[in-house]
Amino acid sequence: MSARALEFVETWVSEKIEAMETLPAEGDEAAAKTLANECFQAALEEDIPAAEIQEAFDNLAEFIDGEIEEERDRREETEDDDEEPDEEDENDK
């Protein structure tokens with residue numbers, strides 16, 4: 001397995017998803033496939049062939065979909081944390 005392909009994809013996907021203001025809808029396979037195609041293209045620009053990525057990831061779109069879900073969960077947790085009053089603040093009142 002290619003360590004550089006693995007590192008490239010993980011970094012590229014992470015940066016791409018974090019930069020999205022709005023995440024694709026749950027189950028939006030087309031968005032994950034589009035991102036996978038963009039990732040393959042970006043990898044080629046870095047001289048990493050598609051075969052090297054395919055060796056590291058059986059299904060790149062599926063991996064990206066999982067990363068989107070993880071980001072969705074992180075954002076929901078952050079929103080929940082922002083909405084909950086801080087216990088110290090309540091005790092100070």
Side-chain angles (χ1 to χ4, degrees):
M1 179 182 317
S2 168
R4 73 179 184 147
L6 188 63
E7 182 178 346
F8 175 84
V9 170
E10 288 177 348
T11 301
W12 187 93
V13 170
S14 173
E15 290 174 356
K16 196 75 166 177
I17 292 172
E18 287 176 11
M20 293 178 168
E21 281 188 39
T22 304
L23 296 174
E26 265 186 76
D28 184 353
E29 292 179 20
K33 287 179 181 178
T34 298
L35 286 170
N37 288 333
E38 289 178 23
C39 184
F40 279 123
Q41 187 60 44
L44 280 176
E45 292 170 8
E46 297 294 321
D47 294 323
I48 301 172
E52 206 169 312
I53 291 173
Q54 290 167 334
E55 182 182 310
F57 295 89
D58 290 334
N59 186 329
L60 184 57
E62 193 173 283
F63 169 76
I64 290 172
D65 190 50
E67 294 297 299
I68 291 170
E69 285 303 311
E70 286 183 20
E71 180 65 17
R72 182 177 286 111
D73 291 345
R74 279 191 291 275
R75 290 183 186 189
E76 286 174 3
E77 285 177 17
T78 302
E79 286 174 11
D80 290 346
D81 290 347
D82 290 345
E83 291 173 7
E84 293 178 17
D86 192 297
E87 285 183 30
E88 282 185 30
D89 291 344
E90 283 185 14
N91 292 335
D92 290 342
K93 292 180 183 176

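The two residues Val9 and Cys39 make their nearest non-hydrogen contact at CG2-SG, 4.0 Å. Closest approach of Ala61 and Ala32 over heavy atoms only: O-CB, 3.4 Å.
For residues 20-37, the set of pairs meeting the salt bridge (Lys or Arg N to Asp or Glu O under 4.0 Å) definition, not counting sequence neighbours, is empty. Identified under the side chain to side chain donor-acceptor pair (under 3.5 Å) test for residues 62-73, with sequence neighbours left out: Glu69-Arg72, Glu71-Arg74, Glu71-Arg75. For residues 2-15, the pairs satisfying salt bridge (Lys or Arg N to Asp or Glu O under 4.0 Å) are Arg4-Glu52, with sequence neighbours left out.
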Using distance only, find each side-chain donor-acceptor pair of residues 41-51 under 3.5 Å and give its atom names and separation, not counting sequence neighbours.
none

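Residues Leu60 and Asn37 are not in side-chain contact: their nearest non-hydrogen atoms beyond the backbone lie 4.5 Å or more apart. Counting heavy atoms from C-beta outward, Ser2 and Phe8 have side chains that stay 4.5 Å or more apart. A 4.5 Å side-chain heavy-atom check between Phe57 and Leu6 finds at least one atom pair inside the cut-off.
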> Yes or no on side chain to side chain contact (heavy atoms under 4.5 Å, CB included) for Met20 and Leu35, after CA distance, side-chain angles and deciding distance?
Replying inline: CA-CA 12 Å; Met20 293 178 168; Leu35 286 170; 3.5 Å; yes
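Take Lys16 and apply the side-chain hydrogen bond (donor to acceptor under 3.5 Å, both in side chains) test, not counting sequence neighbours, and it matches Glu38. Every residue two or more places apart in sequence or in another chain was checked for a side-chain hydrogen bond (donor to acceptor under 3.5 Å, both in side chains) with Thr34, and none qualifies.
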